[in-house]
Amino acid sequence: MPQTLKVALLGSPNTGKTSVFNTLTKLNQKVGNYPGITVEKKEGTWTLSKDFKVKLFDFPGCYSLNANSIDESIVIETLLNKQDQDYPHVVIVVADVENLKRSLLFFTQIKGLNIPSILAINMADRMDKKGVEIDIKRLEKELDTKVVLVSARKNTGFEKLKQVLLDYKTLSIREIFDISKIDSNYFHDLKKTFPKESLYRLWLLITQEANFTKLKRKKITDTSDFRTLSTLSLKKLQQKETIQRYVFINDVLKKTFTVNPSKAKSIGSILDRVLLHKVFGYVIFFAILLLIFESIYDFSSIPMDFIDASFTQLSQWVKHSFPSGNLTHLIADGVIPGIGGIVIFIPQIALLYFFLALLEESGYMSRVIFLMDKGLRKFGMSGKSVIPLVSGTACAIPAVMATRNIENWRERLITILVTPFATCAARLPVYAILIALVIPDQGFYQSLTLMGLYLIGFVAAMLSAWVLHQSFMIDKKSFFVIEMPSYKVPLLKDVFYTVWEKTKTFIVEAGKIILAISIVLWVLATNGPRDNFKQAEEFITQQDTTDQSIDLEDQIQSYKLENSYIGILGRSIEPMIAPLGFDWKIGIALLSSFAAREVFVGTLATIYSVDSEKQETIKERMANEKRADGKPLFSLATGISLMLFYAFALQCMSTVAIVRIETKTWKWPLIQLFSMTFLAYVVSLFAFQILQ
């Protein structure tokens, strides 16, 4: 059996670390969270040789081991604790050929941990274009390691990287920077107190206040012959360490790294003048958004119609092919319509992630964040708040977690409270089906409506932030630093991996919830507590008011549904939601969608399937749904009211949970939940009453 070789993939953001990870592992990847911490953990595997199977860990990007965020602390925790299940046998540090100095700071720190380390310089295919020349042999000698030039775009250098991994035991673990020279007396005392411990590991334990090994910080501070330092003094020593490391790195680069300025010219500066312009920058950004939303509708319509029709036919086939009984009806009327209600939106979800990945990979998204930085400060948020707000267009949960990089607590709290207004991907299925029902498919009407909903969410976030800012009175100024990556043509392979992983996760996670809810809804919809439900057929056939224009079987099914458990529950809340234009079935869908927004469509699909024996798609069922007066239920007024409700209401129970974790109290998530729900109710009420 081959031995498992654990390899840590480390690097700063925008070095192409993800591209290297994808190239090495391909689709042999899995994504989860670190135990007890909601930080994404990516693992990949591949067979290196008959003797070695590699387990590659893609750690969160960080600039150094001087942690300022929980993502960076994850790296330190793992590398300091040899008992950690992810502790690597060897480390690959990915560096960007255009920002080698910054990456070498991180590499010199990793070398100080006495772990076999490899420096992989990525984007080697850009060296000629940028006029960069590197003396690899000399660089290897200066850093006392193996240096490999790789290019994820050209797929070069990876065979050599794998060969170096095979020979990892021959790699030097010697430190290349003497940490003691930043304060010889302090480190002399430290070494004297703990003679068997690595100085740099001790230094990290002290500065990061980490207790991840058997060596406890309490033991250090309680030692009488050890000279402790104040937090301010430790910070000054860290700054001195960084300066000294850069002195060492500059000396190394003078000997090994040259740039020909005549070849280094780029159109990036010209593009930045346009894309970062205070007027044209916003115009271009909104034009791109409109193009994306129009493309989502145009490109996804055919596959969505095919999926919708296919699930409808599958449901009918199960009804007619399987023996009649509760299990058959559960599968045909509960499970299949429920799952079909989310699968139908795979094309739109995949397209959304595709365009977001293109913007991220090209380097444009960093420009958008920079462009919006100045404006956000007027609303009491840090420039770092842009990242959660933009991330919120995918999912509020990682977006709320992204606020951990905001140092000022009040600014972070404001960002946490307003981020759920950003339109997440889970709302897209709701918007898509409602827009298709009530907005004419002419010109740009549908795409403009979708874009308008995204903008409404953003405006709501800004106004809410302003109100909170005035309440909290934040006076302390904060600073926002963001790296502008070079423009590059997106690597389609990486875009594909991103779309695949995120769409798969979306479907699996939503699918589990929808499957469970569909079964519960079917049970509640096919059972009732009273005789009205059990004797529905007898009651309908004896009524003189039976509508002869409606199929008798449909009338019986409709009557049973109204008197089922779910019908009784829906009728009980209908008086509260009727002023918004919603009936009891929509009310049930609203309640169930608190588990996950995308469940809304699946819930209606299940309810309408129980209510009808006709072979209709979910879109046709919703379009044919009538009020008591015979008017369509999903009119323009109802559709707009429902979309606005989802635009303002808190996203889901998972969002409540993550806000509770991040704020460490139930106070703020409950305030957030009730205030956003109240706002959604009031806005929907006004919209329906005005439009009806």
Side-chain angles (χ1 to χ4, degrees), residues 290-320 331-355 425-451 453 499-500 502-504 506-507 510-511 514-515 518 585-586 589 593 597-626 632-636 638-639 642-643 646:
L290 180 59
L291 179 62
I292 289 174
F293 295 136
E294 181 65 23
S295 299
I296 286 175
Y297 272 101
D298 288 345
F299 297 157
S300 64
S301 59
I302 295 178
M304 286 180 68
D305 290 342
F306 173 77
I307 293 171
D308 197 7
S310 297
F311 271 86
T312 301
Q313 293 172 3
L314 177 61
S315 179
Q316 293 297 317
W317 179 80
V318 169
K319 284 184 180 180
H320 295 103
I331 296 173
D333 296 334
V335 176
I336 293 177
I339 298 299
I342 187 63
V343 173
I344 184 177
F345 296 104
I346 289 178
Q348 288 186 328
I349 296 296
L351 279 171
L352 177 63
Y353 284 131
F354 173 76
F355 288 120
R427 285 169 171 155
L428 184 58
V430 181
Y431 292 161
I433 193 71
L434 293 174
I435 290 174
L437 280 171
V438 304
I439 304 299
D441 186 11
Q442 300 172 0
F444 291 93
Y445 290 141
Q446 292 187 336
S447 55
L448 282 172
T449 302
L450 182 59
M451 181 177 174
L453 289 166
V499 173
W500 169 260
K502 290 187 178 295
T503 305
K504 182 179 70 174
F506 182 88
I507 294 169
I514 289 174
L515 179 61
S518 295
K585 295 179 184 178
I586 295 178
S593 69
R597 284 304 185 217
E598 59 272 26
V599 173
F600 174 83
V601 181
T603 299
L604 288 181
T606 301
I607 293 175
Y608 291 152
S609 293
V610 173
D611 190 22
S612 175
E613 293 294 323
K614 297 179 181 179
Q615 183 173 339
E616 295 176 320
T617 65
I618 176 59
K619 183 178 176 181
E620 290 171 340
R621 292 173 196 147
M622 293 176 71
N624 293 332
E625 190 71 7
K626 306 292 184 182
L633 173 63
F634 290 96
S635 61
L636 176 64
T638 303
L642 195 49
M643 285 187 280
Y646 274 108

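Treat the numbers as computed from the prediction; the structure is a model and nothing was measured.
- Rounded to the nearest 0.5 Å, atoms CD1 (I433) and CE (M643) are 11.5 Å apart.
- Looking at residues two or more places apart in sequence or on another chain, you find no ring-ring contact (aromatic ring centres under 6.0 Å, His included) involving F354.
- For the atom pair CZ of R427 and OH of Y646, the computed distance is 10.0 Å after rounding to the nearest 0.5 Å.
- Looking only at side-chain heavy atoms (C-beta outward), S315 and F311 stay at 4.5 Å or farther from each other.
- The shortest distance between side-chain heavy atoms of N624 and P632 does not fall below 4.5 Å.
- Residues satisfying the side-chain hydrogen bond (donor to acceptor under 3.5 Å, both in side chains) test with T449, not counting sequence neighbours, are none.
- Note that OH of Y431 is 13.0 Å distant from CD1 of I439, once rounded to the nearest 0.5 Å.
- Take L291 and apply the side-chain contact (heavy atoms from CB on, under 4.5 Å) test, not counting sequence neighbours, and it matches S295.
- Rounding to the nearest 0.5 Å places CG of L642 at 9.0 Å from CG of L633.
- K319 approaches A332 most closely through the heavy-atom pair CG-CB, 3.5 Å.
- Once rounded to the nearest 0.5 Å, the distance linking CG of L434 with CG of L453 reads 9.5 Å.
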